Amino acid sequence: MKFIHTADLHLDSPFRGLADMSTQIWQRVHRSTFTAFERIVDNAIKEQVDFVLIVGDIYDRDHHSAEAEDFFVRQCQRLNEHQIPVYLSYGNHDYQIVSERENSLPKNVRVFGNQVETKTLTLSNKETVSITGFSYGKRWLSVDQVSSFPSKTSADWHIGMLHGALAQNNPEQDHYAPFTVAELLQKNYDYWALGHIHKRQVLNEDPSVVYPGIPQGRHKNEDGQHGYYLVQSDSGKLKNEFKAIAPIEWCTVNVNLGHLQATDTIIERLQHQVKSGEQFKMIALNIQLTDEMNALTKQLITNGTILERLQEQIAEEGSPKWWPYQINLLGEVNLPKMTDLDQEYWDQAAKEVFIQSAMVELAGKLSKYDFIADRLTEPSMIEKLRREANQELGKEEHHED
Ligand SMILES: [Mn+2]
């Protein structure tokens, strides 16, 4: 058995907030969520997989465009022509009442209803596969859905599809079909195909309980490589392998300009700092302002002139490999260093403050908005806040990237 596990396609994401860029670059960015899924379909056909699982959020809530839907139908049609079934559940972004007589989708697409249900298929080698899942009928599902999943059936393989988030045991937060890994494992399934969290994560190894992440990151918090999982049976177990396919990678690059003053040399330095490679990169440049810089240089950086000139240069290149969309200024670090005693208090306080429940409390009523609550459930966000607070306090930190 061989299948593809993906989720959170967020087709036609609007990529708001990206300032002026050449049409060529903009098109590339705008097409990226489509291109990512197209590549998944290409690979499904090339690898001759038995089926494809899509675990929710095919569309962005605010951007469920006709274009996105037409694109999705056409891609499923390509899979249909190769007799590859698609198992699909809707998530919190594309929640809908699933009815029998819908839909514009080709006949190889099997949509899970709003109640937990199990679909079974027989592979060409006569092995049977049960797949259990459900679709969101509304934006929030605060009730644990896993209790409605049956235990492993008599099928050779049993897979659970679950768009949801780990239970925080906090009614203010548990809006996305909250679950615990322990209750998933109790079902004795061979694989848990998760969706919802956009950062790739393995919650358990054997059997795999896996978030494949969003196939195409949409901003700097969804940085690094993105793709899907290819899952194959191997001596009675399912082995999964991550496949990077995102056409665009979001990165942040730190630049030390030292004593450089002339704008031309600064731009040259910025150009050289970025190692583009094969992958097209959207880059945020972090520049550390220092005492060595003169006032004019600082002004040209802060008022956006440097970024503009760098963008102009890059746009003039025939086929740019990267695009600087932002310059962040890290400010002058001339705060006093912490003493060892301060350090101890800081570590202790940080442990109590930079936890999810404290973040949610701080966000207060704002955490009722999905886009804020989503952020707050990302461990990377909390880590980022901790790091920034640390930086503010003037403490040097060492990373082990
Ligand atoms: Mn999503």
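The first residue of the sequence shown is numbered 1, and numbering continues consecutively from there. None of these values were measured; they are calculated from a predicted model. Counting convention: from 1, in listed order, for ligands and their atoms alike.
- To the nearest 10 degrees, the angle centred on the Mn ion (ligand 1) between NE2 in His10 and OD2 in Asp57 reads 90°.
- Look at Asp190 and Lys237 and you find no salt bridge, because none of the NZ, NE, NH1 or NH2 atoms lies under 4.0 Å from a carboxylate O.
- For the pair Lys2 and Glu47, the salt-bridge criterion is met [side-chain N within less than 4.0 Å of a carboxylate O].
- In this structure, Phe112 CZ and Tyr90 OH are separated by 12.5 Å, a value rounded to the nearest 0.5 Å.
- Expressed to the nearest 10°, the angle at the Mn ion (ligand 1) joining OD1 in Asp8 with NE2 in His198 is 90°.
- Partner Phe37 forms a ring-ring contact (aromatic ring centres under 6.0 Å, His included) with one of Tyr59, Tyr228, Phe72 and no other, that one being Phe72.
- Within the coordination shell of the Mn ion (ligand 1), defined by N, O or S atoms under 2.8 Å, His93 is absent.
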